[in-house]
Amino acid sequence: MAGNLTIDALKAAVSGGEIDTVLTCIVDMQGRLMGKRFHAQHFLDSAWEETHCCNYLLATDLEMYTVEGYASTSWQSGYGDYVMKPDLSTLRYVPWLEGTAMVLCDVLDHHTHQDVPHSPRAMLKKQIARLAEKGLSPMMATELEFFLFEQSFEEMRKSGYRDLQPISGYNEDYHILQTTKEEDVMRPVRNHLFHAGIPVENTKGEAEAGQEELNIKYSPALNCADFHTISKHAVKEIAWAKGRSASFLAKWDKGRVGSSSHVHQSLWNDDGENVFCDQNGEHGMSATMRSYMAGLIKYAPEYTFFLAPYINSYKRFQKGTFAPTKTVWSVDNRTAGFRLCGEGTKALRVECRIGGSDLNPYLALAVQIAAGLKGLEEKLELAPAASGDIYEASSAGEVPHSLREARHLMNGSAFLREALGDAVVDHYVRAADWEIEEFDRAVTDYEIARGFERA
Ligand code: ADP
């Protein structure tokens, strides 16, 4: 069970007055929780079975704009409903909110009750099922990096996001002194998430002023994505409750490093063994691991959109910032796109370092499983490991440089079209196009400052 509350335990908690509200949520394209706050009694009386939402929720942008050009929904088709089907295995307490529980929902077609194919949770489930046909389960962990700021979200918005003050005055990578000063926010983050059934490993200071990292224990891929989404949401709510703000923008300042979401992955068999391990293989890697990694690497440029979905995401990929620019692998080397971790142990895994903190974990995990699977199917051979400062490697494949380039590679990807389906790829190409069109219309502070007097 992914959550920590059964429906019977919820009934008891409601009749005992402990719970009065059930957040009933889907995950949108941006990886956000969207839904309704049910009175717990009404949830138990009917909504536990299904409820409904407007189908624009999987065709909108961060602004909730009714973006045109999607085949799945439009003004013309009248923006109908989707079914929100609670996945009761995700029912859990929300300890940071009074009297509240939460459930995640699958998004179903209103008429057929089948999964909506471009729903992020459905996309991940589909790839997990493809791996299961081979007797394999993906065990995954996503790291969550973000910045904490002194000001609240409301203060930030009112000031036009100027003079942003990170919560610390210096690079706090692994610092205990500075992170002690942030325990007002970070201790409740760890403890509340833990009591919500999320296996928090630790938090730590990261390599910038005000930058934090939250690590959650690896778990089956769907749980991993659920944990990531709920944790990101919790960080924002807990920061807000403390009068602070937290940002998962991939890059909020040109002069500072950005925030990542590295994805750790290994494949396990039905006996609970990590099939990436082979004591006799080079670096302890099995043939399965080599082909899976080769697939991850070969198709990385085609799926990068799902790891870096906004214009801003691409500002993070800069030399000397720990964010990769090359799609090669290495052994315990943080300058490459892919890093072999846990060499010589049962925790042998590959870490993909391309994803930004702004990724949607369901999409990121789905496309990586698909790429690894393709590597297995094609029996790809892994190129030798890269070493040294890989930012300077001239022969290595490049991470796409812009959203425009990533969108182009996604659109033309036969691999993605085969794994996800044409309609799903076209849906996300439209999402990428919309981000590009909106940005192309924007007049930025940069342009004004550069050209106002001197142009
Ligand atoms: P680092 O110090 O490089 O950040 P950690 O030891 O903190 O590495 O581990 C990073 C993540 O890798 C953690 O979330 C951990 O649960 C996860 N992890 C450990 N073993 C595996 C595995 N076999 N498969 C997938 N993820 C794993």
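Only a predicted model underlies this, so the values are computations on that prediction, with no experimental measurement involved.
Checked by atom type and distance alone, the side chain of H408 never pairs as donor or acceptor with a backbone atom of R404 at under 3.5 Å. With hydrogens and angles ignored, the 3.5 Å screen pairs a side-chain donor or acceptor of R417 with a backbone N or O of N411. Between the T288 side chain and the V275 main chain, no donor and acceptor come within less than 3.5 Å of each other. For the pair T335 (side chain) and I390 (backbone), a donor-acceptor distance under 3.5 Å is present. Looking only at distances, a side-chain donor or acceptor of Q127 sits under 3.5 Å from a matching main-chain atom of A419. Between the side chain of Y428 and the backbone N or O of H118 there is at least one donor-acceptor pair closer than 3.5 Å. With S261 contributing its side chain and S357 its backbone, the two residues share no donor-acceptor pair below 3.5 Å. Under a 3.5 Å cut-off, the side chain of S159 and the backbone N or O of M156 do form a donor-acceptor pair.
Under a cut-off of 6.0 angstrom, the local environment of CH2 in W240 is sparse, with at most 12 non-hydrogen atoms contributed by other residues, nucleotides or ligands. By the 6.0 Å contact criterion, NE2 on H175 is enclosed, its count of non-hydrogen atoms from other residues, nucleotides or ligands being greater than 12. The local environment of OH in Y65 is sparse, with at most 12 non-hydrogen atoms from other residues, nucleotides or ligands closer than 6.0 Å. Around CZ of F194, the count of heavy atoms belonging to other residues, nucleotides or ligands within 6.0 Å does not exceed 12.
Side-chain atoms of N171 and R256 include no donor-acceptor pair closer than 3.5 Å. If you check the side chains of H262 and E145, you find no donor sitting under 3.5 Å from an acceptor.
The shortest distance between side-chain heavy atoms of L144 and V235 does not fall below 4.5 Å. Residues C224 and P220 form no side-chain contact, since every pair of their non-hydrogen atoms from C-beta on lies 4.5 Å or further apart. In this structure the side chain of V263 reaches within 4.5 angstrom of the side chain of L365, judged on heavy atoms. Taking the side chain as every heavy atom from C-beta outward, D389 and K319 never approach each other to under 4.5 Å. I369 has its side chain within reach of L124: a pair of non-hydrogen atoms, C-beta onward, lies under 4.5 Å apart. A 4.5 Å side-chain heavy-atom check between R316 and I354 finds every atom pair outside the cut-off. Side chains of F147 and F248 form no contact here, defined as non-hydrogen atoms less than 4.5 Å apart. Residues V116 and L58 have side chains in contact (heavy-atom distance under 4.5 Å, counting atoms from C-beta outward).
Relative orientation of the Y303 and F415 rings is perpendicular, given thresholds of 30° and 60° on the angle between their planes. Using a 30° and 60° split on the angle between ring planes, H283 and W329 fall in the perpendicular class, above 60°.
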**Request:** Begin from the C-alpha positions of T21 and L23 and carry the test side chain to side chain contact (heavy atoms under 4.5 Å, CB included) through to its verdict.
**Result:** CA-CA 7 Å; T21 300; L23 307 181; 4.2 Å; yes
**Request:** Report the C-alpha separation of E98 and D20 in whole Å, then their side-chain angles, then the decisive distance to 0.1 Å, and conclude whether the side chain to side chain contact (heavy atoms under 4.5 Å, CB included) test is met.
**Result:** CA-CA 9 Å; E98 220 176 309; D20 54 61; over 6 Å; no
**Request:** Start with the C-alpha distance between E183 and R190, add both sets of side-chain angles, then the distance that settles salt bridge (charged side-chain N to carboxylate O under 4.0 Å, His left out), and finish with yes or no.
**Result:** CA-CA 10 Å; E183 280 292 82; R190 291 191 304 276; 2.7 Å; yes
**Request:** Would you check, one step at a time, whether the test side chain to side chain contact (heavy atoms under 4.5 Å, CB included) holds for Y362 with V27?
**Result:** CA-CA 9 Å; Y362 298 87; V27 180; 3.6 Å; yes
**Request:** Evaluate the side chain to side chain donor-acceptor pair (under 3.5 Å) criterion for residues E398 and T325: first the C-alpha distance (whole Å), next the side-chain angles of each, then the deciding distance (0.1 Å), finally the verdict.
**Result:** CA-CA 6 Å; E398 300 268 330; T325 57; 5.6 Å; no
**Asked** Can C352 and L307 be said to form a side chain to side chain contact (heavy atoms under 4.5 Å, CB included), step by step?
**Response** CA-CA 10 Å; C352 170; L307 304 182; 4.0 Å; yes
**Request:** Please step through ring-ring contact (aromatic ring centres under 6.0 Å, His included) for the pair Y218 and H264, ending with a clear verdict.
**Result:** CA-CA 8 Å; Y218 66 94; H264 293 255; 9.5 Å; no
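In this structure, R349 forms no cation-pi arrangement with W268, as its terminal cationic atom is not both closer than 6.0 Å to the ring centre and no more than 45° off the ring axis.
The existence of a salt bridge linking K85 and D106 is excluded, since no basic side-chain nitrogen approaches an acidic carboxylate oxygen closer than 4.0 Å. A salt bridge does not link E405 to R407: none of the charged side-chain nitrogens sits closer than 4.0 Å to a carboxylate oxygen. A salt bridge does not link E273 with K346: every distance from a Lys NZ or Arg NE/NH1/NH2 to an Asp or Glu carboxylate oxygen is 4.0 Å or more. The pair D115-K125 does not count as a salt bridge, with every side-chain nitrogen at least 4.0 angstrom from each carboxylate oxygen.
From L57, atom CG reaches atom CD of Q30 across 10.0 Å, with rounding to the nearest 0.5 Å. Rounding to the nearest 0.5 angstrom, the gap separating the CZ atom in F338 from the CD atom in Q368 is 6.0 Å. Atom CG of L148 and atom CD of Q165 lie 13.5 Å apart (nearest 0.5 Å). Rounding to the nearest 0.5 angstrom, the gap separating the CD atom in E182 from the CD atom in E212 is 4.0 Å. The CG atom of L359 sits 9.5 Å away from the OG atom of S260 when rounded to the nearest 0.5 Å. Here T24 contributes atom OG1 and M34 contributes atom CE; the two are 14.5 Å apart, rounded to the nearest 0.5 Å.
Within the structure, every pair that satisfies the salt bridge (charged side-chain N to carboxylate O under 4.0 Å, His left out) test and touches residues 147-176, not counting sequence neighbours, is listed here: R162-D445, D173-K204. Listed by first and then second residue, the salt bridge (charged side-chain N to carboxylate O under 4.0 Å, His left out) pairs that reach into residues 23-34 are D28-R32, sequence neighbours excluded. Legend: salt bridge (charged side-chain N to carboxylate O under 4.0 Å, His left out) pairs involving residues 218-240, not counting sequence neighbours, sorted by first then second residue: R121-D226.
Aromatic pair F149/W252: centroids less than 6.0 angstrom apart. Ring pair F276/Y292: centre-to-centre distance below 6.0 Å.
A side-chain contact (heavy atoms from CB on, under 4.5 Å) with V350 is found for one member of L296, I297, L340 and no other, namely L296.
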